[in-house]
Amino acid sequence: MISTSRLGASRDFYASLFGFKVTHETEWHADLVRPGLPPQELTLVDPSHPAVRGVRPSPMRTVRMTLEADVEEGELRRSLTRLGWDERLAFRFSDPESNDLIVVDPNGVRIHVVASA
C-alpha cells in the first residue's frame, strides 16, 4: 500500500508503465493488480480522506519495490518522458551490462526495474 496525495498521477504511472489494471477505485483509494503468476497487487490510498485519517497521516516515502518489465530500456524511457517524467530521476546500476533502472514514482517511491528473463 502506498499512501499518496497524488492518487490519479500514481494510478496512471503504474498502469501506463507497468501494466497494472484498476480493479476498484473510489475518490480516496485505488486497488491495482498486475496479471501474472503470481499476480501483483498494489493499493493507493489518499491519507487526507476522512476514512483513513489517523491510519497514515502523511504520504509514505520509504517504499522500495522491484518490478519486472517486458520492455527494453529505451521504450521505458520514452514512456516515462510521455508521462512528463524527469530523466534525472533514473539511473543505471554501475554494471554496464545491466539494463536495470531505478525510477521514482510521483510519490518518491523508488522502483527497481529489471528486464524480464
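Keep in mind that what you see is a predicted model, and the values were worked out from it rather than measured.
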Smallest separation among heavy atoms of R110 and V104, with atom names: CG-CG2, 4.4 Å
Partners passing side-chain hydrogen bond (donor to acceptor under 3.5 Å, both in side chains) against T43 (at least two apart in sequence or in another chain): D31
I111 side chain reached by F13 side chain, heavy atoms, under 4.5 Å: yes
side-chain hydrogen bond (donor to acceptor under 3.5 Å, both in side chains) against D105, all qualifying residues, sequence neighbours excluded: Y14, N107
side-chain contact (heavy atoms from CB on, under 4.5 Å) partner of T4, chosen from L44, V109, D46, V45: L44
Contact summary for L32 and T23, nearest pair of heavy atoms: N-OG1, 4.3 Å
Residues that E25 engages under side-chain hydrogen bond (donor to acceptor under 3.5 Å, both in side chains), provided they are two or more places apart: R11
Closest non-hydrogen atom pair, S5 against P47: N-CD, 4.1 Å
Joint cluster assignment, M1 & V33, ILVMFWY side-chain distance < 4.5 Å: no
Minimum heavy-atom distance between R34 and F18, given as atom pair plus value: NE-O, 2.9 Å
A9: partners by side chain to side chain contact (heavy atoms under 4.5 Å, CB included), with sequence neighbours left out: R6, P106
